[in-house]
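The structure under discussion appears below in the form of structure tokens.
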Amino acid sequence: MPDPSHRPYKPMTIIRPDSLPRLWWLFPWSIARQLHKNAVALKAYADRADRAIEMQICIIDDKEQDIRTLQARVRAQDAIILASVSR
């Protein structure tokens, strides 16, 4: 997994409340532009959240594999100890 910490900091877009300002119909394109910025910011946030969840799943899977490997090594060492004691 690439380390995201090397990327430059990109501040999140602040999403305004869902109510339209007064007299919004006088400047409909500015409202449409703001709504588009909000949708893009929300999509970017969702993508980052998905990536974070995927990384957590990979970390948990790796940890489980490490635990299984260590348990197998412990069982092998226990078998060696029991074999040496029974001699």
So do Met55 and Cys58 actually touch side chain to side chain, heavy atoms under 4.5 Å?
no
Cluster link Leu35 to Leu26, ILVMFWY, side chain under 4.5 Å
yes
Could you state whether Ile31 and Phe27 fall into the same hydrophobic cluster, counting links through intermediate Ile, Leu, Val, Met, Phe, Trp or Tyr residues with side-chain heavy atoms under 4.5 angstrom apart?
yes
Below 3.5 Å, can you tabulate the donor-acceptor pairs from side chains in residues 61-78 to any protein atom, sequence neighbours excluded?
residue	atom	partner	partner atom	Å
Gln65	OE1	Arg68	NH2	2.9
Thr69	OG1	Gln65	O	2.9

I need the Asn38 CG to His36 NE2 distance, nearest 0.5 Å.
10.5 Å
